[in-house]
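Have a look at the structure below before the remarks.
Computed from a prediction, not measured in an experiment: that's the story for all the values here. Just so you know, ligand 1 is whichever comes first in the structure, and atom 1 is the first atom listed for that ligand.
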Amino acid sequence: MGTVKRILIANRGEIAARIAGTARRMGLTPLIAYSEADRESLAVLVAPSNEKIFIGPARATDSYLNTQVILSAAKTHAADAIHPGYGFLSENSAFAREVQKQGLVWIGPGPDAMDMVSSKSKAKQLAENSKVPILPGFQGEQNPERFAQEAQRIGYPVLLKASAGGGGRGIRRVENAQELKAQFPLATSEALNSFGDGELLLEKYIGQSRHIEVQIFGDGKGQVVHLGERDCSVQRRHQKLIEESPSPAVTPELREQMTAAAVRLGQACGYAGAGTVEFLLTPSGDFYFLEVNARLQVEHPVTEMVTGLDLVEWQIRIARGEGLPLSQKEIQFRGHSIQLRLYAEDPYRNYEPQTGKIEAFTFPLKTRVDHFLTSRTEITPYYDSMLAKIIVHGTSRTEALKLAEEDLNQTLVSGPVTNQIFLKQILTSDFFRQGQALTQTLDSTSFEKPHKAPLNEALTAASLAEFLQAQKSAPTPLDGWSNGPQHHASFLWHSDDNSHLLRVARKSDQLTVTTAAGQASYANVEWTPPWLLINSPEKKSQAIVHRLSHGNDVLMNGEIFSFRNGLSRSSAKRGIESNAVTAPMSGTIQQVACVAGSQVKAGDVLAVLEAMKMQVELRASRDAVIESVLVQPGSQVRGRQILLKLQPTSAKEN
Ligand code: ADP
Ligand code: ADP
Ligand code: MG
């Protein structure tokens, strides 16, 4: 085993940042490989220029999965070890072998152990030999007739699984022989295309099950310890969303049995480093082996929280030949940890992955959040859509639940749609609170997008933030058509199909907000971007407000509101160029304060519009001569209707 000083991280996203953090803490040098699509990610941003390595185009096959490029990056940057993270090349034993052949340290299990467990069918064989319970199933001759016979024996429904599959993909549920024969060729070619191996296996489908997995570590010489279990039953489409440790369903006796089974399996293949043995647990307490993930897992942080250990540090220490850092007896478990996976996806539309620029983000300050976002990160369609993992640790499950919920009330990512509200819905559901989530629960429950609490509070927050921000940066006038930086301003916001007009006025320390619903005054409002704290005697509340180019995003009481500016900064500019003064919303013209030919100065009132029981002053955006007036007092106007025109300042402008 060689020295490990310079570790090439052949991965991206949160896990690249996570591994780099531990490497630096240990006094080692992480080398960050990144593709075209990841220039603006956290791990790349914080790395010195000689410690980041561009490895090619966004497409993973051209960069993160390109073994030649990775190996030559390691060579040119004098790496002595490679950490593959999860996904990508992490379970590719041929690559691990090549890494070792080139004299580099592979931070992962030995390639021979990987070969014994990386295919689900081989791993099941090993499990059976190690007296680890497996589900009735069939692996072998790849023939649809044979599969149909075996399925008959096992009993429907069965699962047709890609032996090399992962990440919840390549699993099909089959109800009868006819379906099986129809699905067989499709599943084979899908497996071949997605995983480079067409082998399928058959497994009995368990209608009610929990996903329980055991974290193991081996020294490669037959010593294996476990770091307890994780419950990953909250899944959508066989993909994990929320994980916790310990499992609310695992009794001390069951833990004893499951962890012993996992350790036996690790010993049977001379396992080195971090691995996870996955099981299904039935309501009657029977458990069955599923597969081994021969790598670090996405949900490893919950184990770190309850053991107080750094699993990446363990991986590195074992890879450099130090053996297991602790014996089984020395590994202690404390409290309860929950991890929430924040994804750029729309849970109310088939979990459609979302792409787009991250415009702003706020995470809870006191909680571990593993993420990769910077103010310029773009979520591209090339990779997994996971944005961040929020990881809490409490003394009990009840406390961890409370902390997790609080953290969602302090998290806001603006840009692509996320599953944040859905996470909150699950956290506060009875089935999750009572520790009764099964792997089928999400897919068999229909979740409605929750109705939002009254808009008024959120609109007030959006307007107060805008008002206080303008005051901070005075004398710049407020945006768009609203009043100057002085003592009052009006704000127009659009939400879905509605328009909302608000007025904020300051009198000494008092801020009065007028909405369609009435007036409210606030004595003590603090704007420390992105936090808005309202401390009035009758109402204490806090909000996160992201001021974006097209409007404001507000997080309040755990709900997310997106308001577009009535007149966005850019459309205000376009308005100047087109010389047209338009109505910011529908209403009645109360007053027209100019005539064609009038000379006006920037900020002069041109007209007054009455809308939603309020008066909106429309002011000149620049010095100009009025060319024409198209409305008169009493005119009913629609939003964006042209009210008057300014003469162009010079011929060039047209
Ligand atoms: P975990 O079990 O740690 O949650 P997953 O199985 O969900 O991990 O996979 C972790 C990451 O690796 C995901 O981004 C997933 O899409 C990817 N992944 C896992 N296995 C494969 C595979 N065989 N081929 C391609 N990607 C995979
Ligand atoms: P992957 O490699 O994609 O992680 P797994 O075999 O680990 O595939 O299964 C992923 C998930 O699919 C499990 O966590 C579970 O929810 C579901 N699943 C797998 N096998 C079965 C089964 N035999 N019966 C019911 N659900 C299953
Ligand atoms: Mg799995």
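For the residue pair R264 / Q267, no side-chain donor-acceptor distance below 3.5 Å is found, with atom types taken as modelled. Inspection of the D231 and S247 side chains reveals an N or O donor paired with an N or O acceptor under 3.5 Å. A donor-acceptor pair shorter than 3.5 Å cannot be found between the side chains of S209 and Y288. Side-chain contact annotation: Q354 with T418, donor-acceptor N/O pair under 3.5 Å absent. Side-chain atoms of Q297 and R230 form a donor-acceptor pair, as typed in the model, at a separation below 3.5 Å. Looking at Y64 and D38, their side chains do bring a donor and an acceptor atom within 3.5 Å of each other. Looking only at atom types and distance, the side chain of E244 has a donor-acceptor partner in the side chain of H336 under 3.5 Å away.
Listed by chain and number, the residues in a ring-ring contact (aromatic ring centres under 6.0 Å, His included) with Y351 are F422 (sequence neighbours excluded). Taking the ring-ring contact (aromatic ring centres under 6.0 Å, His included) definition, one finds that F279 meets it with F287, sequence neighbours left out.
Close contacts between ligand 2 and K204 involve ligand atoms 22 (C), 23 (N), 24 (N) [criterion: under 4.0 Å to a heavy atom]. Interface atoms of ligand 2 facing L135, defined by a heavy-atom separation under 4.0 Å, are 23 (N). For ligand 2 and T439, the ligand atoms under 4.0 Å from any heavy atom of the residue are 16 (O). The ligand atoms of ligand 2 that sit less than 4.0 angstrom from a heavy atom of I171 are 8 (O), 9 (O), 10 (C), 12 (O). Against a heavy-atom cut-off of under 4.0 Å, G165 is close to the following atoms of ligand 2: 2 (O). Of all atoms in ligand 2, listed by their number and element, those nearer than 4.0 Å to a heavy atom of H211 are 13 (C), 14 (O). Counting atoms of ligand 2 from 1 in the listed order, those under 4.0 Å from a heavy atom of E203 are 20 (N), 21 (C), 22 (C), 23 (N). Near G168, meaning under 4.0 Å from one of its heavy atoms, ligand 2 places the atoms 1 (P), 3 (O).
For Q178, the CD atom counts as loosely surrounded, since its 6.0 Å shell holds 12 or fewer non-hydrogen atoms of other residues, nucleotides or ligands.
By the 3.5 Å distance cut-off applied to N or O atoms, K161 is counted among the residues near ligand 2.
Across the listed options V292, I206, D443, I206 owns the non-hydrogen atom lying nearest to atom 25 (C) of ligand 2. Distances from atom 5 (P) of ligand 2 to the heavy atoms of Q297, H238, E291 put E291 nearest.
The nearest N/O/S atom of E291 to the Mg ion (ligand 3) is OE2. Between the Mg ion (ligand 3) and the N, O or S atoms of E278, the shortest distance is to OE1.
Put simply, no part of Q239 is less than 4.0 Å from ligand 2, judged by heavy atoms. Under the 4.0 angstrom criterion for non-hydrogen atoms, K120 is in contact with ligand 2.
Here L280 has side-chain heavy atoms under 4.0 Å from ligand 2, and that is the only part of it that gets that close.
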